[in-house]
Amino acid sequence: MQPVTYAITNNKGGVGKTHTVFHLAGAFAEKGHRVLTIDLDPQGNLTSLFPSHSPSPTAFDVLIGDVPLADAVRDTQFERISLVPSHERLEQADAFLQNEPDAQVRLADTLQEFAADNKAFPFDVILLDCPPSLSVT
């Protein structure tokens, strides 16, 4: 079964996107769901809320195609919640992807491939903490 994916997005910063993702992850986990959070904001505030992660690879590495998504998933200190951490280089993702024909769908394709490659997909819910912009990421 495919996981349900929620993208928490707003073109303005400081409106609670990160805390919405953090608390939704907690609520889903309390209900027994396995949650993957992906920090797509270069500020990395969601990443800082999960201090037990390893710093690399990051969402940037996944988006530019250097690393498979599975290699970027990190366990957190919370049961049933995992994280793909952010990195400040995400600000440069648009420049890296500007000439890529699949730039607009790269993340969706990556998530679909990850689920297909892992027959027993380990997540029920995917939460995306999006940056405050209209960028490709």
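For clarity, every value in this text was computed on a predicted model and none was experimentally measured.
- For Gln112, the side-chain contact (heavy atoms from CB on, under 4.5 Å) criterion is met by Gln2, Asp109, not counting sequence neighbours.
- Smallest separation of non-hydrogen atoms from His33 and Arg80: O-CB, 3.5 Å.
- For His23, the side-chain contact (heavy atoms from CB on, under 4.5 Å) partners at least two apart in sequence or on another chain are His19.
- The shortest heavy-atom contact between Thr47 and Pro85 is OG1-CA, 3.4 Å.
- Atom CZ in Phe123 sits 14.5 Å away from atom CZ in Phe28 (nearest 0.5 Å).
- Atom CZ of Phe78 is separated from atom CG of Leu49 by 8.0 Å, given to the nearest 0.5 angstrom.
- In this structure, the separation between CG on Asp39 and CZ on Phe50 is 9.0 Å, given to the nearest 0.5 Å.
- Screening Leu46, Val84, Asp129 for a side chain to side chain contact (heavy atoms under 4.5 Å, CB included) involving Ile38 leaves a single residue, Val84.
- For Thr110, the side-chain contact (heavy atoms from CB on, under 4.5 Å) criterion is met by Val62, Leu69, Arg106, not counting sequence neighbours.
- Tyr6 contributes atom OH, which lies 13.5 Å from atom OG1 of Thr20 (distance to the nearest 0.5 angstrom).
- The nearest pair of heavy atoms linking Cys130 to Leu40 is CA-CB, 4.3 Å.
- Between Asp124 and Arg34 there is a salt bridge, since a side-chain N of the basic residue sits under 4.0 Å from a carboxylate O of the acidic one.
- What you find for Ala72 and Val67 is that their closest heavy atoms are N-CG1, 4.4 Å.
- Distance check: Thr58 OG1 to Arg74 CZ gives 9.5 Å after rounding to the nearest 0.5 Å.
- Legend: residues meeting side-chain contact (heavy atoms from CB on, under 4.5 Å) with Ala27, ordered by chain and number and at least two apart, are absent.
- Checked by atom type, the side-chain pair Thr18/Asn45 shows no donor-acceptor distance below 3.5 Å.
- Distance check, rounded to the nearest 0.5 Å: CG of Leu36 to CG of Leu127 gives 8.0 Å.
- With hydrogens and angles left out, the side-chain atoms of Asp41 and Ser86 include no donor and acceptor closer than 3.5 Å.
- In plain terms, the two heavy atoms of Ala29 and Ile81 that are nearest each other are CB-CG1, 3.7 Å.
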